[in-house]
Trainee: 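Could you have a look at this structure, given as structure tokens, before my questions?
This one's a predicted model, so the numbers in the text were calculated from it and none came from an experiment.
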Amino acid sequence: MILDLLFPNRCINCNRIIDGDLLVCSICFDQIHFTHFDFCLENSLKERCKLLFPVENAYALMQFEKENLSRKIIHELKYKSREKTGSTLAGWVIEKLDFKKNKPDVFACVPLHPKKEKERGYNQLHLFTKTLSDFYGIPFEHNLLKRNHYAKAQALKDKKHRLETQNIFSLTKNISNQHILLIDDVFTTGNTLATIAWEILKEGNNKVSILVMAVDE
């Protein structure tokens, strides 16, 4: 209680004092550019994924635009040691996402290299994915995917590193006849998700759907 008085929680955008479990105030919340995608229908993210790999469905919570509040939110999650932001974002997804008859069998998120995870102190996707897993009653395969190399994400955008991306990620066990929902923070080029998706799809009769916190248009 004393700490709350001395160090009140503030909106990350306008610095207003807000309840301790909130991320932004109600005024700034209205400034967030949500996509309003339907997981089961065609949308711009699904179309972009289809250019890279076979995809069942795709969903993005927010638009990731320059100077957009969504960028600030994800920056807080990844670089400001605010792991609980993942739970807040998951709550927003839960309010909007209905799998209908296309419910995945398993949740999996993009892994960090152990060195990167140790540096950051957490994987920014774990709490987000676990919160969704608990709500929807879909298993979260925490260690299904493994990142084999410690590399900067920018390398995935460089053509000369294209061959290296083929074995950046691997599966830690055999899976088959599973619909995997692959989760990441931001969809930009899609190269990371495509690399992982092909690792999943080359196994027996699997399907892949995509969920991201934000999509860079």
Trainee: Under 3.5 Å, which donor-acceptor pairs do the side chains of residues 74-94 form with other protein atoms, sequence neighbours left out?
Mentor:
residue : atom : partner : partner atom : Å
K78     : NZ   : D185    : OD2          : 3.3
T85     : OG1  : R82     : O            : 3.1

Trainee: To check you understand the geometry: which heavy-atom pair defines the closest contact between L52 and A194, and what is its length?
Mentor: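 Looking at all heavy atoms of both residues, the closest pair is CB-CB, 3.9 Å.
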Trainee: Specify the closest pair of heavy atoms between T195 and N191, including all atoms of both residues, with the distance to one decimal.
Mentor: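 It is OG1-O, 2.8 Å.
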Trainee: With D19, which residues qualify under side chain to side chain contact (heavy atoms under 4.5 Å, CB included), at least two apart?
Mentor: D21, L22
Trainee: Using the test side-chain hydrogen bond (donor to acceptor under 3.5 Å, both in side chains), find all partners of N43 that sit at least two apart in sequence or belong to another chain.
Mentor: none
Trainee: So F29 and L69, do their side chains get closer than 4.5 Å, heavy atoms only?
Mentor: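 No, their side chains stay 4.5 Å or more apart.
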Trainee: Restricting to non-hydrogen atoms, name the atom on K207 and the atom on L201 that form the minimum distance, rounded to 0.1 Å.
Mentor: CA-CD2, 4.1 Å
Trainee: If the condition is salt bridge (charged side-chain N to carboxylate O under 4.0 Å, His left out), which residues does D105 pass it with, not counting sequence neighbours?
Mentor: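 Counting only residues at least two positions away or on another chain, D105 forms no salt bridge (charged side-chain N to carboxylate O under 4.0 Å, His left out).
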Trainee: Can you list everything that forms a side chain to side chain contact (heavy atoms under 4.5 Å, CB included) with N102? Sequence neighbours excluded, please.
Mentor: F39, C40, N57
Trainee: Could you tell me the separation between the CZ atom of F107 and the CD1 atom of I180, rounded to the nearest 0.5 Å?
Mentor: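 Taking CZ in F107 and CD1 in I180, the distance rounds to 10.5 Å.
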Trainee: Does some side-chain heavy atom of C109 sit less than 4.5 Å from a side-chain heavy atom of F140?
Mentor: yes
Trainee: Verify side-chain contact (heavy atoms from CB on, under 4.5 Å) between V215 and R48, making sure each step is shown before the conclusion.
Mentor: CA-CA 10 Å; V215 56; R48 290 171 67 182; 3.5 Å; yes
Trainee: Can you tell me how far the OG1 atom of T129 sits from the CG atom of L181, to the nearest 0.5 Å?
Mentor: 8.5 Å
Trainee: Is the backbone of V110 close enough, under 3.5 Å, to the side chain of N123 for a donor and an acceptor to pair up by distance?
Mentor: yes
Trainee: Distance from I18 atom CD1 to L23 atom CG, nearest 0.5 Å?
Mentor: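 These two atoms lie 6.5 Å from each other.
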Trainee: For D184 versus L125, what's the shortest heavy-atom pair and its separation?
Mentor: C-CD2, 3.6 Å
Trainee: Scan residues 171-217 for pairs that pass ring pair (Phe, Tyr, Trp, His ring centres under 6.0 Å), counting only residues two or more places apart or in two chains.
Mentor: none
Trainee: Applying side chain to side chain contact (heavy atoms under 4.5 Å, CB included), can you list everything that pairs with L41, at least two apart in sequence or on another chain?
Mentor: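 Residues passing side chain to side chain contact (heavy atoms under 4.5 Å, CB included) with L41: D38.
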Trainee: Using a strict cut-off of less than 4.0 Å between a Lys/Arg side-chain nitrogen and an Asp/Glu carboxylate oxygen, indicate whether R120 and E117 qualify as a salt bridge.
Mentor: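 Here R120 does not pair with E117 in a salt bridge, since their nearest N and O are not under 4.0 Å apart.
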Trainee: How far apart are the C-alpha atoms of K115 and K118, what are their side-chain angles, what is the distance that settles it, and do they pass the side-chain contact (heavy atoms from CB on, under 4.5 Å) test?
Mentor: CA-CA 5 Å; K115 180 179 177 182; K118 184 176 181 180; 5.8 Å; no
Trainee: Just verifying a value: how many Å separate K72 NZ and C28 SG, rounded to the nearest 0.5 Å?
Mentor: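 If I round to the nearest 0.5 Å, the distance is 8.0 Å.
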Trainee: Is there side-chain contact between F53 and I210, with heavy atoms separated by less than 4.5 Å?
Mentor: yes
Trainee: Under the side chain to side chain contact (heavy atoms under 4.5 Å, CB included) rule, collect the residues that match up with E67, sequence neighbours excluded.
Mentor: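 For E67 there are no side chain to side chain contact (heavy atoms under 4.5 Å, CB included) partners, ignoring immediate neighbours.
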Trainee: So, using side-chain hydrogen bond (donor to acceptor under 3.5 Å, both in side chains) as the criterion, who are the partners of N177 when residues are at least two apart?
Mentor: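 side-chain hydrogen bond (donor to acceptor under 3.5 Å, both in side chains) check on N177 returns N205.
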Trainee: Identify the heavy atoms of V55 and S209 that sit nearest to each other, and give their distance.
Mentor: CG2-CA, 4.2 Å
Trainee: Linking I/L/V/M/F/W/Y whenever their side-chain heavy atoms sit closer than 4.5 Å, directly or via other members, would I138 and F135 fall into one cluster?
Mentor: yes
Trainee: Check salt bridge (charged side-chain N to carboxylate O under 4.0 Å, His left out) between K96 and all other residues, then give those that pass, not counting sequence neighbours.
Mentor: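 Per chain and number, K96 pairs via salt bridge (charged side-chain N to carboxylate O under 4.0 Å, His left out) with no residue.
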Trainee: Please report the closest heavy-atom contact between F37 and A60, naming both atoms and the distance.
Mentor: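 In this case the closest contact between F37 and A60 is CD1-N, 3.6 Å.
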Trainee: How would you list, by chain and number, every residue that makes a side-chain hydrogen bond (donor to acceptor under 3.5 Å, both in side chains) with K46, sequence neighbours excluded?
Mentor: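 K46 satisfies side-chain hydrogen bond (donor to acceptor under 3.5 Å, both in side chains) with E42 once adjacent residues are dropped.
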Trainee: Report yes if some heavy atom in the side chain of L97 is under 4.5 Å from a heavy atom in the side chain of L132; otherwise report no.
Mentor: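 Contact flag for L97/L132 side chains = no.
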Trainee: Measure the CG-CG distance between L112 and L145 for me, rounded to the nearest 0.5 Å.
Mentor: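 So the CG of L112 and the CG of L145 are separated by 12.0 Å.
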Trainee: Examine distances only and state if a side-chain atom of T188 and a backbone atom of D216 form a donor-acceptor pair shorter than 3.5 Å.
Mentor: no
Trainee: Under the criterion side-chain contact (heavy atoms from CB on, under 4.5 Å), I'd like the reasoning laid out for I27 against R16: C-alpha separation, chi angles, the key distance, then a yes or no.
Mentor: CA-CA 10 Å; I27 295 173; R16 287 186 181 91; 3.6 Å; yes
Trainee: Would you say that V212 contacts V186 through its side chain, given a criterion of any heavy-atom pair below 4.5 Å between the two side chains?
Mentor: no
Trainee: Give every residue pair that meets the salt bridge (charged side-chain N to carboxylate O under 4.0 Å, His left out) criterion with at least one member in residues 132-146, sequence neighbours excluded.
Mentor: K130-D134, E141-K173
Trainee: To the nearest 0.5 Å, how far apart are OG in S133 and CG in L127?
Mentor: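 Between atom OG of S133 and atom CG of L127 there are 11.5 Å.
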